[in-house]
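Notes to accompany the following structure.
The chains referred to below are lettered A, B, ... by the order of the sequence lines, with proteins before strands, and numbering in each begins at 1.
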Amino acid sequence: MNHTGGYVADPRIRAIEWLPWAIALLCYFVAPTYLPLGSYVLTMIIFALSLDLILGYGGIITLGHSAYFGTGAYAAGILAARLTGEPLIGLLAGTLAAGLLGLITGLIILRTRGLALLMLTLAITSLCFEVANKATSWTGGADGLGGFTIQPILGLFKFDFLGKTAYVYCLVVLFACWWLVRRLVYSPFGASLTGVRENNVRMHAAGAPVYRRLVIAYTISAALAGLAGALLTQTTQFVGLKVLGFELSGELMVMLILGGFGRIYGAFVGPLVFLVAQDYLAKQFPEYWYFGIGAMLVLVVMFARGGILGIIDAIIARLRRTQS
Amino acid sequence: MRLKTSSLLAALALAAISGLAAAQTVKIGIITTYSGPGSAQGDQLDKGFKLYLKLNAGKLPPGVKVEPVFRDDTGANADAAKRLAQELIAREKVQFLTGVVWTPNAAAIAPLTAEAKVPFVSANAAGVSIPRISPYFARVSFTLWQSAYPLGQWAAKKFKRAYTVVSDFSPGHEAEEAFTKGFKEAGGEIVGSARVPMTATDFVPYMQRVKDAKPEVIFAFNPAGKQATAQMKAYADLDLNKAGIKYIGTGDITTDEELQNMGDAALGVMTVHHYSAAADRSANKAFVAAYKKEYGEKLNPGFMVVGAWDAMEMIFHAIREQNGKIDPDRTMQLIKNYKNPNSPRGPIQIDPETRDIMQNEYLREVRKVGGQLANVELETLGTLLKDPWKEFNKPK
Amino acid sequence: MSPALETQSLCKSFGALTVASEINFRLEPGARHALIGPNGAGKTTFVNMLTGRIPPTSGRILIGGEDITALGQAARVKRGLGRTFQINTLFQNVAVVDNVAFAVAEREGIAWRMFRPARSYRGVLDESMALLDTLGLAADARLTVAGLPYGKQRLVEIAIALGLKPSVLLLDEPAAGVPSLESHRILEVLDALPKDIAILIIEHDMDLVFRFAQRITVLTQGTVLVEGTPAEIAADHQVREVYLGERHA
Amino acid sequence: MQDFLSSLVSVAFHGLAYGMILYVISVGLSVTMGLMGFVNLAHGVFAMAGGYVMLSAMNSYGVSFPIAVATAFIAVAVASMVLERLLYSRLYTAGELDQVLFTIGLIFMSVAIARLVYGTLPQPVRLPDYLTGQLHFLGRDFPAYRVFLILFSISIIGLLWFGVERTRWGAMVRAAVDYRAMAQSVGINTSRLFTLTFALGSGLAALGGALGAEIIAIQPTYPFEHLVFFLIVVAVGGLGSLRGPFVAALLIGVTDTACKYWVPEFGAFFIFSVTIAVLLWRPEGLFGRAA
């Protein structure tokens, strides 16, 4: 289940790695009325993957990743409202805008570590939030940006209100992102990121330009987050200020840690479990679902460090031991 | 064996048909806010819907039942609201959508209702231009122009210099714009204006700024809830009243559910609004009594409870008229011609042209009645008033 | 031929506190040199200045005659400066062979590559495995470091440094914390290190120092007290007083 | 000019009152993060709990204001001790990420509990008569309650500083912040020290929450909404220090107030810009120790 990369790890795709895709496709046919939730889950998986790259592999703890998600979302939204609703150009715009912001802010914040870095990410997100809140003529401010239309994908597939096109669109984009992230994780660059996370000091002593490498990783991660944001904009045809809120960053981090970080598929399992649980609890106990989510987090920390995939690993390991 | 199967199928089919005939169930999707910072407002809508449904189940034609499906949009969170609406339409197959505290959420849902042909009744979201997004949208709540514009005209007769302090989001901007237009048209002067961020907690600096500008009156708008209270407290803390500055606003700043929490700071505040729990119309007295019986003697229903109540009343009307077999276009016809002379807020009707609410606007003052603070209605500033903004901005 | 490593009048002070003053030090190519001194003598500060973790207040540092005083850690490594740490500083949750491969990849300049799988760079893996083999760690190559006994982890420290093919190797107490039963392994490894590497060992274990080193520098209170062959140092009366005397008194 | 000076006085005054509350709430967070290395995002929960305890005592049981405030302090301090022993202490050795996840979980749970018990509306604050009204000096009116807030906070801060600088407990705390391992080796019972310090920090947060209820309304989402400000105070001030967060809280209180007064349209830009600037200049905070 582990995808730690490195020079001995086998990069070939294992049979079980097709399971998520099989499930996702199955959902399309079996649960057509759940597709809007499904699209959201797929989008958040991309977002979580981008965080996994810097948090799970690079060891950077951030509460500000929504800055990039939101930038991507607004870039795609503003583009659609002012220039063109062509979806692929929108995705590209979101990715580039967020990547650029990631590069600039990364150059600044990655000079620090620990609490200072955490607070800088938080402050930058809050600043972006205020900018979007104030630039009402561009962003719609607290009311959000809506009223734009997204053209059919490749001129062929129109976004329908049941969310079928959106779901497939998200799935295809996620697949591409997954493939890229997976390549990156198994590459020498991914290995060196793991090195930075595991031991920053030793990485310096091994002659690695740690700062520059983190900036690059951060930029890639920000670009991916922007891609996810642009995807959200296009599938919901609306951008709300919430995409820039630090609450979203917190929620994202919770999802990733819940799934298990630094292992690619934690970013799949976490958002799925969190959002489905939230969806379910919010319907059963709309006033109190927060309690259930909170209790789940506390229990995970108390009894299941390493997240859900960590538990599964432990169970498998135990089974193997009792067999032998 | 074959015989058995086919007779079983026939029996099942029969049961299904007769079941349909026996119980016509109309599903109503209700989106409101149960968690997050906006849950106080969502709670008001929830109480209104549930109270109406509990007391009026008998008012449906025989065999027709209503099944409400409640969903939590977690606040001003348009993409979540849109997703919930998609689900309610696709999975739950609801025939009505209602609820919705927040304007952005309603604006994000509205296009769907046009596509899916599901009538959507706003029980609160007041953004003035939403009805133009979808022909299946109608509103029973209010617009800020309805209260702030007449307030501006009235205020200009009493005061010459006004300062506006509003929350920095579109309802705030609409309130500011409407009041300023009304006030200026009637000869008043705006000496300053401030827009307070939605995240602000301490309002004293803003009030200090107003105090130093020495206007005769402050026009305030905050969304109902803690911001309204905090701003009013700041007004009282700095004793602006003694400095000769009057505090006025739309009814959002002295909502009935929140009024007791504001304390004596609120005494003497004058507002214009469509609903007060203290109004002595008999329909309102019965409504308030039912509310207190259900939720506790200490609680008063705010205008959002009435919004939810009237939304449900209108939906029930449409269900009754169609005997439970809902056709969206027929429903919209019924809604456009809807009139209710006996809402707790007085007579209301839907403007068939704009699908927006027409209602009375009352000038009120906060006074102590029987030891409790109350919005006492002084006079009716407009009867069955249309939304002024749509009158000024008619589509060409 | 210029020395492998040289410092000229190296000074460091934190405010009023001087922890290194006027250190002039030469490490010849291929040398086996030990740096000793009592606790607080400034050995760690000296090493940290050499590797670039802290900047000196004044003075110069040269590798192979080139002034590197202003360079960062990575650039010094590129110029042939390798080090091990007194307390294990390893990639704990990573396979032993990857610990070494990370270093080899940095040296080879392929650590930037983002697309081809790391495993397809066979050269890195082969070199790392060969290196582990010479240190007797081949059998443990695929285990994570965290699963190794401490003595073997010390060897991984050395393996990573060797993966950089350094011309100068700083060994910061290589035997620290190793149970005496296993410490002979460390010595064997040290004895077998390539002869062309100039080695500076910082060590407390006097048996090890006197067996291994050809020259010894004694540091006290941030300055060089004396330098010489092991025999000279053992006979030096000053050293006995401030250092050995203190220890054996 | 006269007007400007006079508004300057107002801004300084209101900023001071706001900053004091921020400080009393956040100082405990600075100490626990510095002392125990624990990233406690749930610190605001204690402030909210303090507010609720005080307001219930006053509104439901008719307890007088001073006793209600004291009750809030004691009740929350005791409750936090239990929480520390049962839950927090197990996570001292865990990674930052686990601590973050755990404390976010606590916030979620407390938000739900607060809502269940108190509903969603902000709780009404009824101040005693002797703390309402205006005091007139320096040619301006000042709300009496805010004057009280400033004076009371100063005395609390004085007590706290005296405690840390002059008592045995304070010496142990300072030693443990500086050299954790050494403190343990010289026989300081760090586990008890942690519990007591944690309780004091939480109690202070409760005190700040209770006294500040008039300024920062007590309602269920309190721990989320104000978390950023508490964290900023701690990060800008520096971990494990008493003076740092004090300066930071005043800086934030006064600049925020000044910004609202003179340039209301720029909202919260200023606070975040200041935070970024300070952290880039001194990543360890104004009074933090260099890492």
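- In D:Arg85, the CZ atom is crowded: over 12 heavy atoms of neighbouring residues, nucleotides or ligands sit closer than 6.0 Å.
- Here the CG-CD1 distance, from A:Leu297 to D:Ile104, works out to 7.5 Å after rounding to the nearest 0.5 Å.
- Exactly one of A:Leu118, A:Leu120, A:Leu117, A:Leu115 qualifies for a side chain to side chain contact (heavy atoms under 4.5 Å, CB included) with D:Leu279. That residue is A:Leu120.
- The shortest heavy-atom contact between A:Val301 and D:Phe102 is CG2-N, 3.6 Å.
- Between D:Phe269 and A:Lys134, the closest heavy-atom pair is CE1-CG, 3.7 Å.
- Here the closest heavy-atom approach between residue A:Met119 and residue D:Val228 is recorded as CE-O, 4.4 Å.
- Of all the listed residues (A:Leu55, A:Val298, A:Leu258), the one sharing the greatest number of non-hydrogen pairs under 4.5 Å with chain D is A:Val298.
- Closest heavy-atom contact between D:Phe272 and A:Leu127: CB-CD1, 3.7 Å.
- Chain A forms the most heavy-atom pairs under 4.5 Å with one residue out of D:Thr275, D:Leu227, D:Leu116, D:Val278, and that residue is D:Leu116.
- Using a 4.5 Å cut-off between heavy atoms, D:Ser273 touches chain A through backbone and side chain atoms alike.
- The number of heavy atoms from other shown groups lying within 6.0 Å of CZ (A:Phe261) does not exceed 12.
- Of residues 103-114 of chain A, those residues lying under 4.5 Å from chain D by any heavy-atom pair are A:Ile108, A:Thr112.
- Counting heavy atoms from C-beta on, the side chains of D:Ile232 and A:Leu122 never come closer than 4.5 Å.
- Ring planes of D:Phe224 and A:Tyr290: perpendicular class, angle over 60° (limits at 30 and 60°).
- Heavy-atom distances place the side chain of D:Val100, and not its backbone, under 4.5 Å from chain A.
- Residue A:Phe129: no heavy atom, backbone or side chain, is found under 4.5 Å from chain D.
- Among all heavy-atom pairs drawn from A:Ala116 and D:Pro283, the shortest one is CB-O, 3.1 Å.
- Proximity to chain A (any heavy atom under 4.5 Å) is shown, for D:Leu87, by both the backbone and the side chain.
- Atom CE of A:Met296 is separated from atom CE of D:Met109 by 12.0 Å, given to the nearest 0.5 angstrom.
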